[in-house]
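Below is one structure; the comments refer to it alone.
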Amino acid sequence: MDRGSILLLCSLCLCVSAAMAEEATNHSGVYNVEKYGARGDGKHDDTKAFAAAWVAACADSGSPTFEIPRRIYLVGPLRLVGPCSNTGTFTLKVHGVVKASTDMSLFKTQEWILFAYLKYLKVTGTGTFDGQGAAAWPLNQCHFQKMCKLLPVSFKFAFMENTRVEGITSLNPKFFHVALLNNTNFRIQRVTLTAPQDSPNTDGIHLEGCTGVKILQCKIGTGDDCISVGQGNTDVYINGILCGPGHGISVGSLGRYPDEKDVNGLVVTGCTLTNTTNGIRIKSWQASPLVTSARNMTFDNVIAYNVANPIIIDQNYCPYKNGCPQLWPSGVKLSNIKFNNFRGTSTTPVAVKLQCSARYPCKKIKIQDINLSYKGEEPAVSACANVMKASYKGKQVPPPCQ
Ligand SMILES: *[C@@H]1O[C@H](CO)[C@@H](O)[C@H](O)[C@H]1NC(C)=O
Ligand SMILES: *[C@@H]1O[C@H](CO)[C@@H](O)[C@H](O)[C@H]1NC(C)=O
Ligand SMILES: *[C@@H]1O[C@H](CO)[C@@H](O)[C@H](O)[C@H]1NC(C)=O
Ligand SMILES: *[C@@H]1O[C@H](CO)[C@@H](O)[C@H](O)[C@H]1NC(C)=O
């Protein structure tokens, strides 16, 4: 599906932090949304109170805490945009339930909650952000046509430095749960992301243009990719993810837009995928407008139960039947990719599928200790195209193609 365009940030440029005009205070205060007028009855729109608490917290030059108590708050789009004055950690603590408005006319931009240009933000607590997506899902056409209006993601983090997100739950987003754009040093851990299996484009965590991302111990069951690592990411570490239902953990889709950057340095380790359409998938579009690369990636200690395509490289990605010239293969160069210690069951006979680009065959693929059966009974098979220099070690079930 269409990912790059969600990250267009034109609207951001217009953002001016109201807080900059405020006089800075330095008392590491607690900014409780109820003190700024939030009613927390789940019916009245509390957006203004949240925005006012934000402006005050943003002016605090110590270590402010923005606090959302244990009630139910209804809020429309929130733009929590810096730079803020904090010199220490800026904590956003959520205990209650924050529900997104279902009035789509309020959403002029592509996110419900936008965090941007902040340093040392920590989002924590046991609270839930409910995107109330069910009413919006029928409006989404992006999963079957190229030209479509993008619905708002529940969270966008853009141009952030040193961010931690932990503990929270995201429920039923209108579009993605979490989009990360151009962040450095971002860690998200122990979050729960939940949406129905058939909800359209409810990707768990999508990232682009980020450096130094850790995604740890998350439980993700949703309608699209649990995690998708898009273009321009460097040094991404993913560990301890439980994924399912969903479309698995993906790199891509890559090679669709002319301004894309390389992917370099990804480790996915200790993850379990259950009842997903893919396990680990690397996908790139046919007919890429320019040549990029995705390299230095390790997928290690992965369990895939009841998964349609446990290991799949698909460089012929073209979800909308037309507009992909067959004779112009993907310009994304894949190299130095290791799959180590996979086990589980495939629901299709082809458990390992490596369909690389005819223009740039995959290089330096290493496959070691794989044990994937077809439905737990019959032997599965491998299928490959345009794979150069693959090496195989240890257990190989299914047997390699070459
Ligand atoms: C976003 O990150 C990418 C990759 O790190 C970088 O090339 C690009 O210039 C950044 N974009 C902006 C608008 O900062
Ligand atoms: C490969 O990726 C790892 C993990 O992100 C990183 O530490 C290493 O520097 C990368 N190596 C190269 C050659 O880019
Ligand atoms: C996977 O699907 C099976 C059969 O439909 C179901 O019994 C099981 O609970 C599912 N497991 C998970 C973790 O979703
Ligand atoms: C593969 O896994 C199956 C089921 O867990 C096990 O019975 C079998 O011995 C394993 N095969 C190899 C070669 O390790």
Side-chain angles (χ1 to χ4, degrees), residues 183-187 192-199 202 204 207 209-216 218-224 226-227 229-230 232-249 251 261-279 282 292-308 310-311 333-348 351-352 363-382 392-400:
N183 301 292
T184 47
N185 190 11
F186 196 105
R187 187 162 84 201
T192 304
L193 311 178
T194 305
Q197 179 164 16
D198 58 357
S199 55
T202 52
L207 49 145
C210 295
T211 301
V213 176
K214 290 188 163 67
I215 304 175
L216 313 171
C218 298
K219 187 165 184 291
I220 308 173
T222 197
D224 207 301
C226 286
I227 297 176
V229 179
N233 293 299
T234 303
D235 191 16
V236 177
Y237 181 80
I238 297 173
N239 172 246
I241 306 300
L242 295 180
C243 166
H247 296 180
I249 296 177
V251 177
K261 305 283 197 301
D262 295 347
V263 174
N264 180 12
L266 168 66
V267 175
V268 176
T269 179
C271 296
T272 301
L273 304 106
T274 310
N275 300 344
T276 55
T277 51
N278 305 291
I282 301 172
T292 58
S293 75
R295 59 187 188 276
N296 186 17
M297 303 190 279
T298 297
F299 305 96
D300 184 47
N301 297 324
V302 173
I303 302 175
Y305 291 123
N306 212 24
V307 168
I311 295 178
K333 298 179 178 179
L334 300 181
S335 66
N336 193 8
I337 304 173
K338 193 166 165 184
F339 298 94
N340 180 47
N341 195 17
F342 275 59
R343 64 192 163 89
T345 55
S346 175
T347 60
T348 67
V352 179
K363 287 186 181 163
K364 288 205 208 165
I365 305 272
K366 277 192 190 163
I367 300 189
Q368 184 165 350
D369 291 318
I370 302 293
N371 186 359
L372 296 162
S373 68
Y374 173 38
K375 291 183 173 165
E377 300 152 9
E378 299 161 53
V381 296
S382 301
Y392 297 90
K393 274 191 193 154
K395 237 177 279 179
Q396 294 292 334
V397 183

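One-based numbering, in listed order, for ligands and for the atoms of each.
- In this structure, the side chains of Pro310 and Val352 stay at 4.5 Å or more apart for every pair of heavy atoms.
- The Asp235 neighbourhood of ligand 2 comprises atoms 5 (O), with distances under 4.0 Å to a heavy atom of that residue.
- Residues passing the side-chain hydrogen bond (donor to acceptor under 3.5 Å, both in side chains) test with Arg295, sequence neighbours excluded: Asp262, Ser293.
- The CG atom of Asn233 sits 5.0 Å away from atom SG of Cys210, with the distance rounded to the nearest 0.5 Å.
- If you number the atoms of ligand 2 from 1 as listed, the ones under 4.0 Å from a heavy atom of Asn296 come out as 1 (C), 2 (O), 3 (C), 8 (C), 10 (C), 11 (N), 12 (C), 14 (O).
- Between the CD1 atom of Ile370 and the CD atom of Gln396 there is a distance of 6.0 Å, given to the nearest 0.5 Å.
- Here the straight-line distance linking atom CG of Asn185 with atom NZ of Lys214 works out to 7.0 Å at 0.5 Å rounding.
- Shown in contact with Asn371 at under 4.0 Å from a heavy atom are these atoms of ligand 4, numbered in order with element: 1 (C), 2 (O), 3 (C), 8 (C), 10 (C), 11 (N), 12 (C), 14 (O).
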Side chains of residues 264-276: which donor-acceptor pairs under 3.5 Å do they make with residues two or more places apart or in other chains?
residue, atom, partner, partner atom, Å
Asn264, OD1, Asn296, ND2, 3.3
Thr269, OG1, Asp300, OD2, 3.3
Asn275, OD1, Asn306, ND2, 2.7
Thr276, OG1, Asn278, O, 2.8

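- Atoms CG and CD, from Asn340 and Gln368 in turn, are 4.5 Å apart once rounded to the nearest 0.5 Å.
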In a simple table, one pair per line, please give the protein and ligand 3 atom names for every N or O pair closer than 3.5 Å, along with the distance.
residue, atom, partner, partner atom, Å
ligand 3, 2 (O), Asn275, OD1, 3.2
ligand 3, 2 (O), Asn275, ND2, 2.2
ligand 3, 11 (N), Asn275, ND2, 3.0
ligand 3, 14 (O), Asn275, ND2, 3.3

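- In this structure Cys243 satisfies the disulfide bond (SG atoms under 2.5 Å apart) test together with Cys226, sequence neighbours excluded.
- Each of the atoms 14 (O) of ligand 2 lies under 4.0 Å from some heavy atom of Asn264.
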